[in-house]
K.L.:
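Right, I'll just put the structure down here and ask away after.
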4 protein chains.
Amino acid sequence: MIKKEKITDKKSALLSATLTLVNDHGFHDAPMSKIAKLAGVAPATIYLYFENKQNLINTLYLEVKASFNKFAFNGYHEDMPVKKGFEIIWYNVADYKLNQIKEASFLSQCDNTPMIDEEIRKEGLKHLQPLLDLWEKGKEEGIIKPLSIFVLYSYAIYPLSFLMAMQDRNLYTLDKKVLDETFRAAWDAIKL
Amino acid sequence: MIKKEKITDKKSALLSATLTLVNDHGFHDAPMSKIAKLAGVAPATIYLYFENKQNLINTLYLEVKASFNKFAFNGYHEDMPVKKGFEIIWYNVADYKLNQIKEASFLSQCDNTPMIDEEIRKEGLKHLQPLLDLWEKGKEEGIIKPLSIFVLYSYAIYPLSFLMAMQDRNLYTLDKKVLDETFRAAWDAIKL
Amino acid sequence: MIKKEKITDKKSALLSATLTLVNDHGFHDAPMSKIAKLAGVAPATIYLYFENKQNLINTLYLEVKASFNKFAFNGYHEDMPVKKGFEIIWYNVADYKLNQIKEASFLSQCDNTPMIDEEIRKEGLKHLQPLLDLWEKGKEEGIIKPLSIFVLYSYAIYPLSFLMAMQDRNLYTLDKKVLDETFRAAWDAIKL
Amino acid sequence: MIKKEKITDKKSALLSATLTLVNDHGFHDAPMSKIAKLAGVAPATIYLYFENKQNLINTLYLEVKASFNKFAFNGYHEDMPVKKGFEIIWYNVADYKLNQIKEASFLSQCDNTPMIDEEIRKEGLKHLQPLLDLWEKGKEEGIIKPLSIFVLYSYAIYPLSFLMAMQDRNLYTLDKKVLDETFRAAWDAIKL
DNA sequence: TATGAATGAGTATTCATTCAT
DNA sequence: AATGAATGAATACTCATTCAT
């Protein structure tokens with residue numbers, strides 16, 4: 001339907017504009033007027049698609065988080081061997097964080113600011129479950145260290161956020177070889 | 001001297017108020033008026049001690065970063081064996097991040113937002129050198145993986161930021177035993 | 001068009017309010033809030049029509065200057081005899097300065113204060129050219145003293161500013177007869 | 001007396017600083033703090049010598065005006081012939097306006113702003129009396145046009161303010177020869 | 001006499017949001 | 001659905017003035 005598409009078009013233009021502005025200048029310098037201008041609509045139009053600024057930010061957060069989670073499990077099946085499954089997920093995450101920098105950077109900013117409502121933040125996590133299940137299986141099989149999922153996440157996945165940030169600031173660049181060594185470090189950290 | 005103390009008193013009250021407000025509401029909702037109120041002074045008084053808001057934030061960042069760096073190397077000597085040295089530093093960092101939550105949380109927010117000038121951020125890093133030197137020595141001795149300092153940092157130190165955040169949000173708590181296991185994961189990640 | 005008129009309406013209300021306030025209290029005591037109030041709009045509305053205060057002042061200056069210049073050459077033609085042409089211009093200027101006191105007084109204030117950007121001030125002068133050309137012709141014809149245009153202006157036109165100021169302060173009033181004598185003084189000053 | 005001198009010293013340093021700042025940036029950008037700094041005293045010290053800012057400005061105005069008036073009548077005697085007397089006064093004024101630019105420029109700014117209290121402005125005029133008397137005598141003797149002193153002043157003296165302003169802005173410079181021609185214009189304007 | 005610290009009241013400007021069209 | 005105009009409330013910052021010392 002043309003009409004439906006048009007609506008989606010404007011809404012996603014707004015979300016995209018917000019992503020860009022928040023990344024470039026931070027939450028504190030991403031006014032609605034600039035968002036509207038960058039999206040090519042009038043300020044008042046934003047309020048046809050979003051209740052208010054908080055809702056716009058929350059929506060963007062959830063959407064980006066969902067895209068991230070979906071990306072993470074691309075090619076993964078529950079019944080894969082633990083290491084193989086982890087490897088696939090890890091490389092997916094690395095791929096996302098190091099290449100979809102805009103989105104990854106935005107998530108990083110959201111995860112370290114009181115700007116996002118705690119409730120929304122929790123909702124954004126729910127799609128991560130398959131990875132937690134995988135680790136549970138790995139622990140049962142004696143392959144993964146018997147650590148809390150928080151600790152496992154902090155060593156297996158979280159470091160990539162740091163490397164993404166360094167790359168974003170042009171302080172460091174990862175090539176394929178280094179990426180493999182980095183995966184090795186992740187695996188060493190969590191494997192028994 | 002009473003006078004000097006008084007000055008320091010007001011200045012540090014302002015820094016402390018800023019720390020609290022930025023942590024609680026984010027940079028974008030920590031107006032000078034609230035900072036002044038929390039510090040018990042008039043808004044105009046802030047400008048006796050800081051040039052402007054950016055300067056206040058920068059100053060706070062550098063001060064907190066300095067206190068963190070100082071804390072990190074407490075009890076450490078250059079001529080310690082690599083693992084021992086790393087252990088001391090790691091536990092110091094863990095101690096700081098998990099107990100001085102306000103400060104650690106603030107640093108985390110600063111490191112993931114464009115609110116701090118890049119120049120200032122770089123200045124805040126310079127005291128980390130001893131750890132980088134230690135890793136260099138470890139690499140030469142064949143104890144540490146031959147990885148970039150960015151990768152080593154991301155696996156050895158950065159995960160603690162995540163655990164700190166989880167603890168701050170009351171989602172997780174580390175006891176002594178878990179902390180030791182967590183150290184083990186860090187060491188496994190970077191050791192050869 | 002109703003819409004267009006409305007815009008012009010508010011913009012010119014703001015210009016008019018600024019003129020009044022700057023005249024009454026000086027540039028230093030004509031805050032945006034008072035300007036807005038006198039114009040019957042909210043302070044923020046000013047910024048829909050003007051970039052900032054300086055731009056508002058500059059715009060007003062140029063507009064008033066333009067109206068003055070236009071008024072000055074009313075009924076004047078290049079091919080008039082020198083004395084006749086000067087007479088027409090002089091009486092026009094006198095008419096403006098002595099009757100459009102608000103505008104004239106504002107220009108006087110602007111011309112003696114660093115509040116107007118020099119660049120803008122220069123722009124405001126460019127419409128004076130026909131008078132300068134007339135004087136040039138008069139010099140060639142041996143009717144006007146061979147003096148710099150600055151000197152000619154200072155004696156032919158500038159004195160009216162003083163008389164306007166005196167009248168504005170109710171210290172003096174010019175009637176028709178005195179005006180004619182005053183013109184005679186102007187002419188005596190510049191004629192050969 | 002050393003003490004008295006010291007007081008005068010600070011007071012005149014303040015007046016001089018005010019003159020400089022008002023000339024350079026206008027009334028609206030000559031804050032007490034800058035005045036104090038330029039005079040080499042603490043802000044609070046200003047209030048030992050002047051009641052408030054208005055009083056400081058008024059005092060400065062009267063002082064400069066007095067110095068101007070005194071300068072104007074240097075070498076003049078009541079019993080001189082009218083033209084000779086006028087010549088002396090006119091050249092004195094020209095000398096002051098074209099050389100003591102700072103002071104003259106300040107007076108010009110004051111004379112065109114509502115910043116100076118009308119009462120003070122009147123007080124500043126009282127020393128001009130000898131010139132008015134001279135013109136009165138000239139009128140009686142049939143040498144000067146029978147015009148109001150306001151008109152005479154506007155043609156005889158006021159033009160110099162314009163020429164001073166042009167010179168101050170580096171748009172024009174008067175040498176001795178031009179000055180003589182300019183005097184001629186003044187005399188032609190007012191003589192019968 | 002002199003001051004540095006302190007501030008209440010103000011200043012220009014911004015911004016999320018509304019509303020008539 | 002879409003918007004341009006409008007604004008109340010806020011924001012960072014300034015300044016003339018005071019006061020304890």
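It should be emphasised that the depicted structure is a prediction, and the values quoted were computed from it without experimental measurement. Sequence lines set the chain letters: A, B, ... in the order given, protein chains first and strands last, and positions in each chain run from 1.
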K.L.:
Could you tell me the separation between the OH atom of A:Tyr47 and the C1' atom of F:dG4, rounded to a whole number of Å?
P.N.:
15 Å
K.L.:
Measure from CG on B:Asp9 to P on E:dA5 and round the result to the nearest Å.
P.N.:
14 Å
K.L.:
Could you tell me which nucleotide pairs with F:dA1 by Watson-Crick or G-U wobble geometry, both distances under 3.5 Å, or answer none if nothing does?
P.N.:
none
K.L.:
A:Leu14 CG to F:dA1 P: how many Å, rounded?
P.N.:
14 Å
K.L.:
Side chain of D:Ala44 only, please: which of F:dT18, F:dT7, E:dT17 is the nearest?
P.N.:
F:dT18
K.L.:
What nucleotide, of E:dT3, F:dT14, F:dT7, holds the atom closest to the side chain of C:Leu48?
P.N.:
F:dT7
K.L.:
It should be established whether C:Thr45 places a side-chain nitrogen or oxygen under 4.0 Å from OP1 or OP2 of nucleotide F:dA6.
P.N.:
no
K.L.:
Looking at side-chain heavy atoms only, is the closest gap between D:Asp29 and D:Lys34 below 4.5 Å?
P.N.:
yes
K.L.:
Once you apply the 3.5 Å cut-off to both distances, tell me the Watson-Crick or G-U wobble partner of F:dA16, or none.
P.N.:
E:dT7
K.L.:
Let me know the distance between NZ of D:Lys34 and P of F:dC13, rounded to the nearest Å.
P.N.:
16 Å
K.L.:
Calculate the interatomic distance between D:Asp29 atom CG and F:dC15 atom C1'; express it in whole Å.
P.N.:
11 Å
K.L.:
Quick one: is C:Tyr49 getting a side-chain N or O under 4.0 Å of the F:dA6 phosphate, OP1 or OP2?
P.N.:
yes
K.L.:
Taking the side chain as every heavy atom from C-beta outward, state whether A:Gln100 and A:Phe68 have any atom pair closer than 4.5 Å.
P.N.:
no
K.L.:
Specify the separation, in whole Å, of atom CD1 of C:Ile35 and atom P of E:dT13.
P.N.:
10 Å
K.L.:
If you pin C:Gly40 and B:Ser33 to their nearest nucleotides in DNA chain F, which one's is more 5'?
P.N.:
C:Gly40
K.L.:
If you assign B:Glu51 and C:Val41 each to the DNA chain F nucleotide with the nearest heavy atom, which residue ends up on the more 5' nucleotide?
P.N.:
C:Val41
K.L.:
Counting side-chain heavy atoms from C-beta on, which of E:dC15, E:dG4, F:dG4 comes nearest to A:Ala42?
P.N.:
F:dG4
K.L.:
Nearest-nucleotide wise, let me know which of C:Lys53 and B:Pro43 is further upstream toward the 5' end of DNA chain E.
P.N.:
B:Pro43
K.L.:
Atom NE2 of B:His28 and atom P of E:dC15: how far apart are they, to the nearest Å?
P.N.:
14 Å
K.L.:
Start with the C-alpha distance between B:Asn55 and B:Asn52, add both sets of side-chain angles, then the distance that settles side-chain contact (heavy atoms from CB on, under 4.5 Å), and finish with yes or no.
P.N.:
CA-CA 5 Å; B:Asn55 176 247; B:Asn52 50 37; 3.3 Å; yes
K.L.:
Using atom NZ of C:Lys37 as one end and atom P of E:dA12 as the other, report the distance to the nearest whole Å.
P.N.:
13 Å
K.L.:
Under the side-chain contact (heavy atoms from CB on, under 4.5 Å) rule, what do C:Thr113 and C:Phe27 come out as? Steps first, then yes or no, please.
P.N.:
CA-CA 9 Å; C:Thr113 242; C:Phe27 183 57; 5.8 Å; no
K.L.:
Start with the C-alpha distance between B:Lys10 and B:Leu48, add both sets of side-chain angles, then the distance that settles side-chain contact (heavy atoms from CB on, under 4.5 Å), and finish with yes or no.
P.N.:
CA-CA 10 Å; B:Lys10 238 157 213 179; B:Leu48 293 178; over 6 Å; no
K.L.:
Taking the minimum atom-to-atom distance to the side chain of A:Lys10, which one of E:dT7, F:dT3, E:dT14 wins?
P.N.:
F:dT3
